> 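Here it is, the structure in full.
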Amino acid sequence: MTQLLFFGRLGDLAGGVERTMTLSQPHAIADIIGLLDASDRLLGSALGEPRVRYAINGAIVDADALVEDEDELAFLPPVSGG
Amino acid sequence: MTQLLFFGRLGDLAGGVERTMTLSQPHAIADIIGLLDASDRLLGSALGEPRVRYAINGAIVDADALVEDEDELAFLPPVSGG
Amino acid sequence: MRRTIRISTDPFDPEAEIAAFRHALQNAGGMVSFTGLVRPSGHDGAVSALSLQHYPGMTERGIDEMLDDVASRWPLEAALVIHRVGEMQPHEAIVLVVTASEHRRAAFEAADLLMDYLKSRALFWKSETGAQGKVWIEPREEDYADAARWDDR
Amino acid sequence: MRRTIRISTDPFDPEAEIAAFRHALQNAGGMVSFTGLVRPSGHDGAVSALSLQHYPGMTERGIDEMLDDVASRWPLEAALVIHRVGEMQPHEAIVLVVTASEHRRAAFEAADLLMDYLKSRALFWKSETGAQGKVWIEPREEDYADAARWDDR
């Protein structure tokens, strides 16, 4: 089971920060966004925006990185702290 | 009576921060340094060093400014705060 | 460089933290603190609530790497970063950065860099809830420019 | 800009002052403090005592003019300057500067300028008494250079 994390306004669109997904085989992040887009266009297009970064198990990666089942995939929109 | 103030290391040389002097007529600061130098060469030459500034009644002035009796004349060596 | 990083939903008392930091110093001659406060009026008029989210674990690691960077740039005795997350009220402290060094310039610059990074690069997401509902805040152009000042130094 | 200047021979508690300053703020989003401490080892090995002298009245007026300058450069809500004079012991606070503004950059820069001025331009004279007797301290070249940064800005 893959853990998906949606931070910032992406969590509002996803209806929560956390969601799980079962991947029978490794998928590129871009493909996972495609799967999410198929059921929710608004969320899908937000996840694909150029300023959104991706992290697998806490490491920043590109959209073509492969996600395996048991991985944690996080979607990181522009940050703002302080 | 003129109040003289010697700050920082000048006070060590003058044997104290405060000293008084009676001026029967206005004198330029340079002349007052000359008077002090006559009785104490070490103090006199320290007061004339280029980095020492002068203040009459709290206002920074040049060495040719006139000091009158009842004035406060301060000798200000390089400062260091904080 | 002694370092402390704390991210918590609990309110904190900035001056109690600064005092504890100061009492642990050995030989520092100067200490700089920055305290970030929830302003009563935000981007959208009166703010009724401010909320901060982080990515547990990864946010801390990112700040730890910032502190590696800071330690390599300046000779600091100690640095402290505390960041609130969750719901906050006006006037509460959001963030506290404290740095200490032998001479003041290092402490000033290190605190300045840490705040620039925390504002625009650390993994936090901030939202304000006001009259017009919830708004996600992004760094101002100025914040990105501030952080970029350090990239070539 | 609300301002406070205090020069005193009495020891002060930096964090109590910072806390009082913070509680009086209305709309500031950030607050910067610098605390200068007596270092246990000074210019001449171990320091047994540090002493500061000022020119009563004139020193305060000079700092007040610095605050006029600061107020004309940045939109600050408040600024505080506390400076010890007389005899001090290692680890005691010599100086405290606190500034507050809507955005952090103004508070950082104002505190930085105030410290540069206090180090090299305000009317204070500092001496350390160590193993080799009493030594009058002058600003380092770096301190003069730091203060000169602001002259053309």
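Just so it is clear, the values below take in all heavy atoms, side chains as well, and ignore hydrogens, waters and symmetry mates. Since the structure is predicted, the reported quantities are computational estimates derived from the model, not experimental observations.
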> Need one label for D/Glu17: side chain, backbone, both or neither, based on atoms under 4.5 Å from any heavy atom in chain C.
neither
> Where does C/Asp112 contact chain D at under 4.5 Å (heavy atoms): side chain, backbone, both or neither?
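When you check distances to chain D, atoms from both the backbone and side chain of C/Asp112 fall under 4.5 Å.
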> Quick test of your reading of the model: are C/Arg105 and D/Glu142 salt-bridged, counting only N-O distances below 4.0 Å?
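Salt bridge flag = no for D/Glu142 with C/Arg105.
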> When rounded to the nearest 0.5 angstrom, what distance separates NZ in D/Lys119 from CZ in C/Arg104?
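D/Lys119 atom NZ to C/Arg104 atom CZ measures 5.5 Å (nearest 0.5 Å).
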> Could you look at D/Ala19 and say if it's the side chain, the backbone, both or neither that has a heavy atom under 4.5 Å from chain C?
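Contact with chain C involves both backbone and side-chain atoms of D/Ala19.
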> Can you tell me how far apart OG1 (D/Thr35) and CZ (C/Phe21) are? Round to the nearest 0.5 Å.
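It is 10.5 Å, given to the nearest 0.5 Å.
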> Between D/Asn27, D/Val97, D/Val32, who has the most heavy-atom pairs with chain C when the cutoff is under 4.5 Å?
D/Asn27
> Tell me, for D/Asp13 versus chain C, whether the close heavy atoms (under 4.5 Å) come from the side chain, the backbone, both or neither.
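Contact with chain C is through the side chain of D/Asp13 alone.
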> Between C/Arg22, C/His23, C/Met115, which residue shows the highest count of heavy-atom pairs closer than 4.5 Å to chain D?
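Most heavy-atom pairs within the cutoff with chain D belong to C/Arg22.
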> Can you tell me which portion of C/Ala111 sits under 4.5 Å from chain D's heavy atoms? Options are side chain, backbone, both or neither.
both
> Rounded to the nearest 0.5 Å, how far does NE2 of C/His91 lie from CD of D/Gln26?
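The CD atom of D/Gln26 sits 7.0 Å away from the NE2 atom of C/His91.
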> Answer with side chain, backbone, both or neither: which region of C/Ile94 has an atom nearer than 4.5 Å to a non-hydrogen atom of chain D?
neither
> Taking C/Asp143, C/Leu25, C/Asp146 one by one, which has the highest count of heavy-atom pairs under 4.5 Å against chain D?
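Most pairs with chain D among the choices: C/Asp146.
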